[in-house]
Amino acid sequence: MPRKADARLEGRILDAAYRIWSKRGEHALTMRAVASASGTTTPTLYERFSNKDDLLSLLRHRARLNLFSAIKSSRSSAQACRRVLDFFAAHPNDFRLISEDWALAFARKEHMPSFEFLKRLLAAELGGKPDHHMPVALSLVALLHGTSTLLHSVDIHKKTSRDFRSACISACEALIQAASAKAARSNGVPRRRREPLHNR
C-alpha cells in the first residue's frame, strides 16, 4: 500500500525552520538544514516549498498571526499599543520577522490582521470608517516599531528600557487623543477634558 501523506509535515517543517532561524539566523536557514531538522528529505521539502523565500514568507505569516492573537482582545487602541510592545519585547524573533518585511508587505497590500484591527479600534473610538484612520494608525506603527527596535538594542539598561516604553505609550496616547479632538471638532462636538487613556 502507498504511504499516507504526513498531514503534520508542513507544521514540523515550519517549526524546524523557525527554530533554526531563531537560534542561528537567516544564513543558517538552508533547505537541507530544515529538511534534516524536520525529519524529512530535501526533495520532499522542495515538493512543498520551492525555495527559502517561500519558507520565510510562511514564517512571517505565522508571526503576524501570533501578534494578532496577542492583541485581539484589546478594548481600545491604546491598550492594543501596549500589548504590541509587550509582545515584541517577549518575542524578539517574531518582531524581526514582522519588521524586516513590513514596509514591503504594506506596499504590496498584503493582509496584516493587527494593522486592520488597530484601524477598526480607532474607528470605533473616533467614528468614521477604519480606512479614514490610516494616518493615525501608521503613526502609531512607526512609534511602536521604532521603540521596539530600541528595546532590542544590545545591552540596553532596564531603566532605559522602561523609560523608552513609557515615552512610547505616552506618545501613542497623545496621538490618539489629538485624533479624537480633531474628530470631535469636525463633527461639531464641543471638546471635553478626557481622562488619560492609561487610566481606562
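Position 1 is the first residue of the sequence; numbering continues from there.
- Taking CZ of Arg64 as the reference point, atom CG of Leu97 lies at 9.5 Å (rounded to 0.5 Å).
- Rounding to the nearest 0.5 angstrom, the gap separating the CG atom in Asn93 from the OG atom in Ser22 is 3.5 Å.
- Taking 4.5 Å as the limit, some side-chain heavy atom of Arg82 sits within range of a side-chain heavy atom of Arg165.
- Scanning all heavy atoms of the two residues, the minimum distance from Pro92 to His152 falls at CB-CE1, 3.4 Å.
- The ring-ring contact (aromatic ring centres under 6.0 Å, His included) analysis of residues 36-68, with sequence neighbours excluded, yields the pairs Phe68-Phe117.
- At a threshold of 4.5 Å between non-hydrogen side-chain atoms, the residues Arg62 and Leu14 count as touching.
- Taking Ser36 as the reference, nothing meets the side chain to side chain contact (heavy atoms under 4.5 Å, CB included) condition, with sequence neighbours excluded.
- Between Thr30 and Ile20 the shortest side-chain heavy-atom distance does not fall below 4.5 Å.
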(message) Does Tyr18 form a side-chain contact (heavy atoms from CB on, under 4.5 Å) with Asp94? I'd like the steps, not just the answer.
(response) CA-CA 9 Å; Tyr18 185 82; Asp94 280 348; 3.1 Å; yes
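- For the atom pair CG (Leu65) and NZ (Lys72), the distance works out to 9.5 Å, reported to the nearest 0.5 Å.
- A donor-acceptor distance shorter than 3.5 angstrom exists from the side chain of Gln79 to the backbone of Arg75, with no hydrogens or angles considered.
- Within the model, atoms CG of Leu126 and CG of Leu121 stand 10.0 Å from one another, a figure rounded to the nearest 0.5 Å.
- Ile71 places a side-chain heavy atom less than 4.5 Å from the side chain of Ser74.
- Here the CD1 atom belonging to Ile13 is positioned 5.0 Å from the OG atom belonging to Ser38, to the nearest 0.5 angstrom.
- Under the 4.5 Å side-chain criterion, counting only non-hydrogen atoms from C-beta, Phe115 is not in contact with Arg120.
- Side chains of Trp102 and Val141 form a contact here, defined as non-hydrogen atoms less than 4.5 Å apart.
- A donor-acceptor pair shorter than 3.5 Å cannot be found between the side chains of Glu125 and Ser180.
- When all heavy atoms are compared, the tightest approach of Leu85 to Cys168 is CD1-SG, 3.9 Å.
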(request) Decide side-chain contact (heavy atoms from CB on, under 4.5 Å) for Trp21 and Leu56; before the verdict, give the C-alpha distance in whole Å, the side-chain angles of both, and the deciding distance to 0.1 Å. (result) CA-CA 9 Å; Trp21 185 89; Leu56 280 171; 4.0 Å; yes
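- Looking only at side-chain heavy atoms (C-beta outward), Ser114 and Val84 stay at 4.5 Å or farther from each other.
- A donor-acceptor distance shorter than 3.5 angstrom exists from the side chain of Ser139 to the backbone of Pro135, with no hydrogens or angles considered.
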(request) Tell me, with the steps shown, if Leu175 and Leu143 meet side-chain contact (heavy atoms from CB on, under 4.5 Å). (result) CA-CA 10 Å; Leu175 272 172; Leu143 279 169; 3.5 Å; yes
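- Residue Ala28 comes nearest to Ala33 through the heavy atom pair O-CB, 3.8 Å, listed as atom of the first residue, atom of the second, then distance.
- Taken from CZ in Arg32 to OG1 in Thr41, the straight-line distance is 11.5 Å, to the nearest 0.5 Å.
- Side-chain rings of His145 and Phe95 approach one another, their centers coming within less than 6.0 Å.
- Salt bridge present: Asp101 and Arg108 bring a charged side-chain N and a carboxylate O closer than 4.0 Å.
- Using a distance-only test at 3.5 Å, with no hydrogens or angles considered, a donor-acceptor pair links the side chain of Lys52 to the main chain of Glu26.
- No side-chain heavy atom of Leu144 sits under 4.5 Å from any side-chain heavy atom of Phe88.
- Nearest heavy atom pair, residue Ile176 against residue Ala78, reads CD1-N, 3.8 Å.
- The main-chain N or O of Asp53 is never found under 3.5 Å from a side-chain atom of Ser57 such that the two would form a donor-acceptor pair.
- For the pair Phe164 and Thr147, the tightest heavy-atom approach, listed with the atom from each and the gap, is O-CG2, 3.8 Å.
- No donor-acceptor contact under 3.5 angstrom links the side chains of Arg12 and Thr40, judged on distance only.
- When all heavy atoms of Ser73 and Arg83 are compared, the pair lying nearest together is OG-NH1, 2.7 Å.
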(request) Could you give me the CA-CA distance, side-chain angles and deciding distance for Leu118 and Val136, then say whether side-chain contact (heavy atoms from CB on, under 4.5 Å) is met? (result) CA-CA 10 Å; Leu118 178 60; Val136 179; over 6 Å; no
